[in-house]
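Worksheet for the structure shown next.
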There are 2 protein chains.
Amino acid sequence: MKTSAGAPPVRQTTAGPAPKPDGTAERGAEAYLKLRNEIVSGRFHPNERLVEADLARLLGAGRNAIRAALVRLDQEGLVVLEPNRGARVRLVSDREALEIEEVRVILEQMIIRHAALRVTAADLRDLRRSLSEMRERLRQGNPLGYSELNAEFHQRIWTIADHGTAGRLLANLKSQSIRFQFRTILRPGRTERSLQEHEQIVEALASRDPDASEAAMRQHLSQVVQTLQWAIDVQRHQPIWLPR
Amino acid sequence: MKTSAGAPPVRQTTAGPAPKPDGTAERGAEAYLKLRNEIVSGRFHPNERLVEADLARLLGAGRNAIRAALVRLDQEGLVVLEPNRGARVRLVSDREALEIEEVRVILEQMIIRHAALRVTAADLRDLRRSLSEMRERLRQGNPLGYSELNAEFHQRIWTIADHGTAGRLLANLKSQSIRFQFRTILRPGRTERSLQEHEQIVEALASRDPDASEAAMRQHLSQVVQTLQWAIDVQRHQPIWLPR
DNA sequence: GTTTATCCGATTGTCGACAATATTAGGCAT
DNA sequence: ATGCCTAATATTGTCGACAATCGGATAAAC
């Protein structure tokens, strides 16, 4: 298939449609972010082949932007790149998912200690607002929205802790296990419990006690790990993926 | 400077000079590994500009291999890539070095728990052999060789633990802080103490006790962090870098 | 003397073309 | 039908050329 047959040359020159509002524009950043989003949102199956030409057409980018994006995603662990054989969406095994979660647990524990030492009154206000919003969504029976807020809640803690290194690693790990994440959320009765745990976390933070905060976080995350284990056991026989 | 002036075209075609003995050959792997090695071994100063054409000539690779390598290194955190302004060796601040070390500590603690549960008699034999070699080098007054063995020792533990995710992250962190590492080693009297700590670690592993192993590792690494802090304080006034 | 404007060389970004390699499809014998 | 060889196609890898952009130097203006 000759790629340059019918499509217009996609314009490489000035006037990019998205003028990069943020300052952190890396090499091939637009394509990278788009592609990454497609992957973590489950639009591609694991092991699905990622053909450069197709992606270029799909994302409206040049082939070498795609190429750079794929290299980056490979390094990040979201795709796997084999020489002369292209890229595939990386399949994270059950075992690896547990490994990831395990690392995530200890990183979050470490991070919340920092947060406990640095949290301000304004931070606590924000956290409590997050909490009440979560309660709201839960009452509305909106587990999907709850899951989003959950992620936001944890990210807020990362921000408070202001630990760049750990934050980066956590973001990376989270993106790798996200397909498992969305399954865990669906565990019946999990959300109410999760909410309580979150409340305890905020309380511990409010008292600015690192040990208590870490304990609350550990409690919360051990629940998550357990749920993940459960999800793996259950769905081993019936693996499902997000609808396209 | 016209790059293609005097140098021979470096041959793109068949018969790669290094036939890739290992299976994990990613995109632009040769250039990536070489360049990475140059950086972590301190051949480039922090903030030094990395000009693609120069690197291509230096490493005997094409410009786009270099380009891919730079993207990978950027994602890895060893270089920083700014749009239209090329790549520079990333400077890790003192604070960041401490952050990295902090994460490293908890990851190593986690990993050694796994190791304690999986260690075999053969593993213990290897570890003890490492130990005696370290003692040897120390007696010879060879701190540089000792440092190498030190790294090998820790890597051996990662191998025993068989925790791919944590191992990957640790390798990454280590490469980022390596320039600080080499300074820490030089602390007078540090090596003997380090050796003792290593011996305690092996003992704890031999008893297959996760808690004791973790404690021994924590003790060891807290020392390392302290030394790093000391090195930072001392050398703040007189920053030195590896000779080229 | 300091600031501002303009130019020039150096460097990065992108494309198109082609070579090298993998993957598929079809034909043939068993 | 099944397996194997060969040809056709699809896809990745690499280069060279050129456009876009940056940084510094020089010149002009105040």
What is the distance, rounded to the nearest whole Å, between atom [atom1] of [X] and atom [atom2] of [N]?
X: B:Glu52; N: D:dA20; atom1: CD; atom2: P; result: 18 Å
X: B:Ile66; N: C:dT14; atom1: CD1; atom2: P; result: 18 Å
X: B:Arg85; N: C:dG13; atom1: CZ; atom2: P; result: 11 Å
X: B:Glu82; N: D:dG23; atom1: CD; atom2: C1'; result: 13 Å

Original post:
When you check the gap from the basic side-chain N to the acidic O, do A:Arg67 and A:Glu52 get nearer than 4.0 Å?
Top reply: yes
Subject >> Check ion pair B:Glu108-B:Arg104 (N to O, under 4.0 angstrom) >> reply: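 Salt bridge flag = yes for B:Arg104 with B:Glu108.
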Once you apply a heavy-atom cut-off of 4.0 Å, does [X] come out as touching a base, just sugar-phosphate, or nothing?
X: A:Leu70; result: nothing
X: B:Leu50; result: sugar-phosphate
X: B:Asn84; result: sugar-phosphate

Subject >> Pi-cation contact, A:Tyr146 with A:Arg137 (under 6.0 Å, within 45°) >> reply: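 No - A:Arg137 does not lie over the ring of A:Tyr146 by the 6.0 Å and 45° rule.
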Original post:
Nearest nucleotide by nearest heavy atom, which residue falls closer to the 5' end of DNA chain D, B:Arg63 or B:Arg49?
Top reply: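 Going by which nucleotide is closer to the 5' end, it is B:Arg63.
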Subject >> Name of the residue among A:Arg49, A:Glu48, A:Arg43 meeting side-chain contact (heavy atoms from CB on, under 4.5 Å) with A:His45 >> reply: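 Of A:Arg49, A:Glu48, A:Arg43, side-chain contact (heavy atoms from CB on, under 4.5 Å) with A:His45 is met by A:Glu48 alone.
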Original post:
Between A:Arg88 and A:Ala65, which is nearer to the 5' end of DNA chain C once each is assigned its nearest nucleotide?
Top reply: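 Its nearest nucleotide lies further toward 5', so the answer is A:Ala65.
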**OP:** Go through C:dT21, C:dG13, D:dT14 for me and flag the one nearest to the B:Arg67 side chain.
**Re:**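 Selected nucleotide: C:dG13.
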Original post:
The side chain of B:Asn64 lies closest to which of these nucleotides: D:dG13, D:dC15, C:dT12?
Top reply: D:dC15
